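Quick caveat, the model's predicted, so the values are computed rather than measured.
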Amino acid sequence: MTGRDPQSDIAVIEIKTSGLPALSWGDSSQLEVGEWVVAMGNPFGLSHTLTIGVVSAKVRTSVGISDYEDFIQTDAAINPGNSGGPLVNLDGEVVGINTAIFSRSGGYMGVGFAIPSNLAEAIANQLIEHGEVTRGYLGVVIQQLTPELSESFDVKPGAGILIAQVSDDTPAAKAGLRQGDVIVAYRGTPVTEVGRFRNEIALTRPRSRETLTVLRDGKRKTLNVTIGKLTKEKPAVLEPSRVLTRSA
(Lines give C-alpha, C1' and ligand atoms only; values in the text may rest on other atoms or scores of the structure.)
Protein backbone atom coordinates (compact mmCIF):
# COMPACT_ATOMS: atom_id res chain seq x y z
CA MET A 1 0.00 0.00 0.00
CA THR A 2 1.35 3.42 -0.98
CA GLY A 3 -0.63 5.25 1.69
CA ARG A 4 -4.01 5.74 3.28
CA ASP A 5 -5.99 8.64 4.68
CA PRO A 6 -8.60 7.52 7.23
CA GLN A 7 -10.02 11.05 7.53
CA SER A 8 -11.30 10.89 3.93
CA ASP A 9 -11.57 7.08 3.70
CA ILE A 10 -9.19 6.96 0.73
CA ALA A 11 -6.18 4.69 0.17
CA VAL A 12 -3.74 4.17 -2.69
CA ILE A 13 -2.51 0.66 -3.52
CA GLU A 14 0.46 0.08 -5.84
CA ILE A 15 0.22 -2.87 -8.23
CA LYS A 16 3.65 -3.85 -9.56
CA THR A 17 2.79 -4.89 -13.08
CA SER A 18 2.20 -3.29 -16.46
CA GLY A 19 -0.26 -3.32 -19.33
CA LEU A 20 -3.38 -3.13 -17.19
CA PRO A 21 -6.37 -1.21 -18.58
CA ALA A 22 -7.35 1.88 -16.60
CA LEU A 23 -10.15 4.43 -16.60
CA SER A 24 -9.47 8.16 -16.66
CA TRP A 25 -10.48 10.60 -13.96
CA GLY A 26 -13.45 12.82 -14.79
CA ASP A 27 -14.21 16.27 -13.40
CA SER A 28 -16.77 15.71 -10.63
CA SER A 29 -17.41 19.45 -10.35
CA GLN A 30 -19.08 19.30 -13.76
CA LEU A 31 -21.66 16.71 -12.66
CA GLU A 32 -25.24 17.90 -12.64
CA VAL A 33 -28.15 16.64 -10.58
CA GLY A 34 -30.16 14.31 -12.82
CA GLU A 35 -27.13 13.24 -14.86
CA TRP A 36 -26.86 9.51 -15.58
CA VAL A 37 -24.09 7.58 -13.84
CA VAL A 38 -23.00 3.95 -13.67
CA ALA A 39 -21.79 2.11 -10.56
CA MET A 40 -19.56 -0.95 -10.86
CA GLY A 41 -18.48 -3.36 -8.18
CA ASN A 42 -18.78 -6.71 -6.44
CA PRO A 43 -22.04 -6.58 -4.40
CA PHE A 44 -22.63 -9.65 -2.22
CA GLY A 45 -19.73 -11.36 -4.03
CA LEU A 46 -21.40 -11.01 -7.45
CA SER A 47 -18.41 -9.83 -9.47
CA HIS A 48 -18.59 -7.54 -12.49
CA THR A 49 -21.96 -6.07 -11.47
CA LEU A 50 -23.10 -2.87 -13.18
CA THR A 51 -25.99 -0.68 -12.04
CA ILE A 52 -27.23 2.60 -13.42
CA GLY A 53 -28.98 5.63 -11.95
CA VAL A 54 -28.69 9.38 -11.68
CA VAL A 55 -26.89 11.93 -9.56
CA SER A 56 -29.47 12.65 -6.85
CA ALA A 57 -27.54 15.44 -5.10
CA LYS A 58 -24.07 16.91 -4.71
CA VAL A 59 -21.96 18.31 -1.88
CA ARG A 60 -23.35 16.10 0.89
CA THR A 61 -20.99 17.19 3.67
CA SER A 62 -22.73 16.25 6.92
CA VAL A 63 -23.41 12.58 6.34
CA GLY A 64 -21.26 11.30 9.22
CA ILE A 65 -19.13 8.75 7.37
CA SER A 66 -15.71 10.42 7.46
CA ASP A 67 -14.11 13.60 8.77
CA TYR A 68 -13.85 15.24 5.36
CA GLU A 69 -16.95 14.77 3.21
CA ASP A 70 -18.16 16.10 -0.12
CA PHE A 71 -20.26 13.18 -1.29
CA ILE A 72 -22.11 12.63 -4.53
CA GLN A 73 -25.51 11.12 -3.72
CA THR A 74 -26.81 8.67 -6.32
CA ASP A 75 -29.68 6.23 -6.76
CA ALA A 76 -27.55 3.81 -8.78
CA ALA A 77 -27.82 0.61 -6.73
CA ILE A 78 -24.88 0.23 -4.33
CA ASN A 79 -24.77 -2.70 -1.92
CA PRO A 80 -22.26 -4.34 0.46
CA GLY A 81 -19.26 -5.22 -1.69
CA ASN A 82 -19.42 -2.13 -3.89
CA SER A 83 -17.06 -0.02 -1.78
CA GLY A 84 -14.05 1.14 -3.77
CA GLY A 85 -15.77 0.56 -7.08
CA PRO A 86 -16.00 3.40 -9.57
CA LEU A 87 -18.92 5.68 -10.25
CA VAL A 88 -18.65 6.45 -13.96
CA ASN A 89 -20.26 9.06 -16.20
CA LEU A 90 -21.56 8.26 -19.68
CA ASP A 91 -18.20 9.30 -21.17
CA GLY A 92 -16.56 6.40 -19.33
CA GLU A 93 -14.75 8.66 -16.87
CA VAL A 94 -14.49 7.96 -13.14
CA VAL A 95 -16.39 10.73 -11.34
CA GLY A 96 -16.60 9.07 -7.93
CA ILE A 97 -15.64 6.18 -5.66
CA ASN A 98 -18.60 4.25 -4.23
CA THR A 99 -18.40 4.41 -0.45
CA ALA A 100 -21.58 3.91 1.57
CA ILE A 101 -25.36 3.64 1.57
CA PHE A 102 -28.17 4.97 3.71
CA SER A 103 -30.00 1.90 4.95
CA ARG A 104 -32.25 0.67 7.74
CA SER A 105 -32.02 -2.92 6.56
CA GLY A 106 -28.34 -3.25 5.59
CA GLY A 107 -29.24 -3.32 1.90
CA TYR A 108 -29.90 -0.84 -0.87
CA MET A 109 -32.72 1.66 -0.26
CA GLY A 110 -32.11 4.08 -3.14
CA VAL A 111 -29.56 6.33 -1.42
CA GLY A 112 -25.87 5.76 -2.09
CA PHE A 113 -22.80 7.95 -1.59
CA ALA A 114 -19.61 8.29 -3.61
CA ILE A 115 -16.45 10.29 -2.93
CA PRO A 116 -16.14 12.78 -5.81
CA SER A 117 -13.24 12.23 -8.19
CA ASN A 118 -11.74 15.68 -7.65
CA LEU A 119 -11.39 15.07 -3.91
CA ALA A 120 -10.17 11.49 -4.42
CA GLU A 121 -7.58 12.57 -6.99
CA ALA A 122 -6.25 15.39 -4.78
CA ILE A 123 -5.87 13.03 -1.81
CA ALA A 124 -4.37 10.26 -3.98
CA ASN A 125 -1.77 12.61 -5.44
CA GLN A 126 -0.59 13.57 -1.96
CA LEU A 127 -0.41 9.94 -0.89
CA ILE A 128 1.57 9.01 -4.00
CA GLU A 129 3.98 11.94 -3.72
CA HIS A 130 4.43 12.10 0.06
CA GLY A 131 2.89 8.94 1.55
CA GLU A 132 0.59 11.06 3.71
CA VAL A 133 -1.90 13.91 3.51
CA THR A 134 -1.00 17.35 4.82
CA ARG A 135 -4.00 19.56 5.54
CA GLY A 136 -4.37 23.29 5.88
CA TYR A 137 -5.54 24.94 9.09
CA LEU A 138 -7.31 28.25 9.74
CA GLY A 139 -8.26 28.18 13.42
CA VAL A 140 -11.94 29.14 13.49
CA VAL A 141 -15.20 27.57 14.60
CA ILE A 142 -17.76 28.08 11.84
CA GLN A 143 -21.47 27.49 11.57
CA GLN A 144 -24.15 27.57 8.93
CA LEU A 145 -26.31 30.69 8.76
CA THR A 146 -29.86 29.87 9.81
CA PRO A 147 -32.68 32.06 8.46
CA GLU A 148 -32.73 33.85 11.82
CA LEU A 149 -28.97 34.48 11.76
CA SER A 150 -29.13 35.60 8.13
CA GLU A 151 -31.74 38.18 9.08
CA SER A 152 -29.73 39.26 12.11
CA PHE A 153 -26.55 39.80 10.07
CA ASP A 154 -28.50 41.21 7.10
CA VAL A 155 -27.21 38.49 4.78
CA LYS A 156 -29.17 36.56 2.20
CA PRO A 157 -29.68 32.89 3.23
CA GLY A 158 -26.89 30.75 1.79
CA ALA A 159 -24.69 33.79 1.06
CA GLY A 160 -22.00 33.01 3.63
CA ILE A 161 -21.04 31.18 6.82
CA LEU A 162 -20.61 32.59 10.31
CA ILE A 163 -17.41 32.64 12.36
CA ALA A 164 -18.56 31.65 15.84
CA GLN A 165 -15.10 31.62 17.41
CA VAL A 166 -11.50 32.51 16.53
CA SER A 167 -8.80 30.65 18.42
CA ASP A 168 -5.83 32.60 19.77
CA ASP A 169 -2.46 32.56 17.99
CA THR A 170 -3.84 30.93 14.83
CA PRO A 171 -3.67 31.89 11.14
CA ALA A 172 -7.20 33.31 11.44
CA ALA A 173 -6.34 35.47 14.44
CA LYS A 174 -3.13 36.73 12.81
CA ALA A 175 -5.09 37.64 9.66
CA GLY A 176 -7.52 39.75 11.68
CA LEU A 177 -10.61 37.53 11.46
CA ARG A 178 -13.12 38.13 14.25
CA GLN A 179 -16.01 36.38 15.93
CA GLY A 180 -19.19 37.49 14.16
CA ASP A 181 -17.56 37.90 10.75
CA VAL A 182 -19.50 36.27 7.92
CA ILE A 183 -17.21 34.60 5.38
CA VAL A 184 -18.66 35.23 1.93
CA ALA A 185 -15.73 34.28 -0.34
CA TYR A 186 -12.49 32.29 -0.31
CA ARG A 187 -9.97 32.86 -3.10
CA GLY A 188 -12.65 34.94 -4.77
CA THR A 189 -15.16 32.06 -4.88
CA PRO A 190 -18.45 32.39 -2.95
CA VAL A 191 -18.69 30.45 0.31
CA THR A 192 -22.11 28.98 1.02
CA GLU A 193 -21.65 25.77 3.01
CA VAL A 194 -19.66 24.92 6.14
CA GLY A 195 -18.52 21.43 5.11
CA ARG A 196 -17.38 22.51 1.67
CA PHE A 197 -15.40 25.44 3.12
CA ARG A 198 -13.74 23.14 5.65
CA ASN A 199 -12.67 20.82 2.83
CA GLU A 200 -11.26 23.71 0.81
CA ILE A 201 -9.17 24.92 3.74
CA ALA A 202 -7.96 21.38 4.44
CA LEU A 203 -6.85 20.90 0.82
CA THR A 204 -5.00 24.25 0.74
CA ARG A 205 -1.23 23.89 0.93
CA PRO A 206 0.11 25.01 4.33
CA ARG A 207 2.06 28.29 4.28
CA SER A 208 0.24 29.47 1.15
CA ARG A 209 -1.17 33.00 1.25
CA GLU A 210 -4.87 33.21 0.39
CA THR A 211 -7.68 35.79 0.43
CA LEU A 212 -10.83 35.69 2.54
CA THR A 213 -13.71 38.11 2.05
CA VAL A 214 -15.93 38.74 5.06
CA LEU A 215 -18.90 40.88 5.96
CA ARG A 216 -18.21 42.92 9.08
CA ASP A 217 -20.66 45.55 10.35
CA GLY A 218 -22.39 45.44 7.00
CA LYS A 219 -19.23 46.12 4.99
CA ARG A 220 -17.20 43.74 2.81
CA LYS A 221 -13.58 43.36 3.84
CA THR A 222 -10.89 41.27 2.13
CA LEU A 223 -8.15 39.84 4.34
CA ASN A 224 -4.96 37.98 3.49
CA VAL A 225 -4.36 34.82 5.49
CA THR A 226 -1.37 32.48 5.58
CA ILE A 227 -2.78 28.96 5.94
CA GLY A 228 -1.28 26.89 8.74
CA LYS A 229 -0.68 23.15 9.01
CA LEU A 230 -3.23 20.97 10.78
CA THR A 231 -1.50 18.79 13.36
CA LYS A 232 -4.41 17.43 15.38
CA GLU A 233 -7.78 16.33 14.03
CA LYS A 234 -11.04 15.66 15.80
CA PRO A 235 -13.25 12.67 14.90
CA ALA A 236 -16.40 13.22 12.88
CA VAL A 237 -19.69 13.09 14.76
CA LEU A 238 -22.36 10.74 13.46
CA GLU A 239 -25.84 12.23 13.53
CA PRO A 240 -28.05 9.83 15.53
CA SER A 241 -30.98 10.17 13.13
CA ARG A 242 -29.05 8.56 10.29
CA VAL A 243 -28.35 4.86 9.79
CA LEU A 244 -25.34 4.46 7.53
CA THR A 245 -23.72 1.33 6.19
CA ARG A 246 -20.42 1.15 4.40
CA SER A 247 -20.97 -0.69 1.15
CA ALA A 248 -17.98 -2.97 1.80
With clusters defined by side-chain heavy atoms of hydrophobic residues (ILVMFWY) lying less than 4.5 Å apart, directly or transitively, does [Y] cluster with [X]?
X	Y	result
L31	F71	no
V214	V140	yes
V33	V37	no
L23	I52	yes
V191	V182	no

Heavy atoms of other groups near [X] [atom1], more than 12 under 6.0 Å:
X	atom1	answer
E32	CD	no
N224	CG	yes
E151	CD	no
H48	NE2	no
I15	CD1	no

Return the [atom1] to [atom2] distance between [X] and [Y], rounded to the nearest 0.5 Å.
X	Y	atom1	atom2	result
D154	L215	CG	CG	9.0 Å
I123	L203	CD1	CG	5.0 Å
T170	Q165	OG1	CD	9.5 Å
K221	L177	NZ	CG	10.5 Å
E193	L145	CD	CG	11.5 Å
L212	L223	CG	CG	7.0 Å

Test side-chain contact (heavy atoms from CB on, under 4.5 Å) on V55 and I72; report intermediate values, then the result. CA-CA 7 Å; V55 175; I72 300 164; 4.0 Å; yes
Under 3.5 Å, is there a donor-acceptor pair between the T204 and R187 side chains?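 Their side chains do contain a donor-acceptor pair, which is all the 3.5 Å distance test asks for.
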Establish, from distance only, whether the side-chain atoms of T74 and S56 form a donor-acceptor pair under 3.5 Å.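 Judged by distance alone, the side chains do not pair up.
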Taking every non-hydrogen atom, the tightest pair across [X] and [Y]:
X	Y	result
T134	P206	CG2-CG, 3.5 Å
G136	L230	O-CB, 3.9 Å
G53	W36	O-CE3, 3.1 Å
I227	E210	CG1-CG, 4.0 Å
V166	R178	CG2-C, 3.8 Å
K229	Y137	C-CB, 3.7 Å

Kindly indicate whether the side chain of [X], heavy atoms from C-beta on, has any atom under 4.5 Å from the side chain of [Y].
X	Y	answer
F44	N42	no
T51	V38	no
T211	Y186	no
I115	I10	yes
P157	S150	yes
R135	S8	yes

Is a side-chain donor or acceptor of [X] paired with a backbone partner of [Y] at a separation under 3.5 angstrom?
X	Y	answer
Q144	V194	yes
D27	S29	yes
T146	L149	yes
D75	V54	yes
S28	N118	yes
N82	N79	yes
N98	G85	yes
T99	I97	yes
Q179	A164	yes

Worked check of side-chain contact (heavy atoms from CB on, under 4.5 Å) between L138 and V225: CA-CA 8 Å; L138 189 57; V225 57; 3.6 Å; yes
Under-4.0 Å salt bridge between R4 and D9: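 Salt bridge absent between R4 and D9.
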Apply side-chain contact (heavy atoms from CB on, under 4.5 Å) to residues V94 and L87 and explain how you reach the verdict. CA-CA 6 Å; V94 177; L87 187 72; over 6 Å; no
Apply side chain to side chain donor-acceptor pair (under 3.5 Å) to residues T222 and T213 and explain how you reach the verdict. CA-CA 4 Å; T222 298; T213 302; 3.3 Å; yes
Evaluate the salt bridge (charged side-chain N to carboxylate O under 4.0 Å, His left out) criterion for residues K174 and D169: first the C-alpha distance (whole Å), next the side-chain angles of each, then the deciding distance (0.1 Å), finally the verdict. CA-CA 7 Å; K174 293 174 183 177; D169 196 28; 3.7 Å; yes
Out of the candidates R60, R196, R198, K58, only one should pair with D70 under the salt bridge (Lys or Arg N to Asp or Glu O under 4.0 Å) rule; please name it.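 The salt bridge (Lys or Arg N to Asp or Glu O under 4.0 Å) with D70 is passed solely by R196 among R60, R196, R198, K58.
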Using side-chain contact (heavy atoms from CB on, under 4.5 Å), reason through E93 and W25 one step at a time and then give a plain yes or no. CA-CA 6 Å; E93 300 169 327; W25 289 113; over 6 Å; no
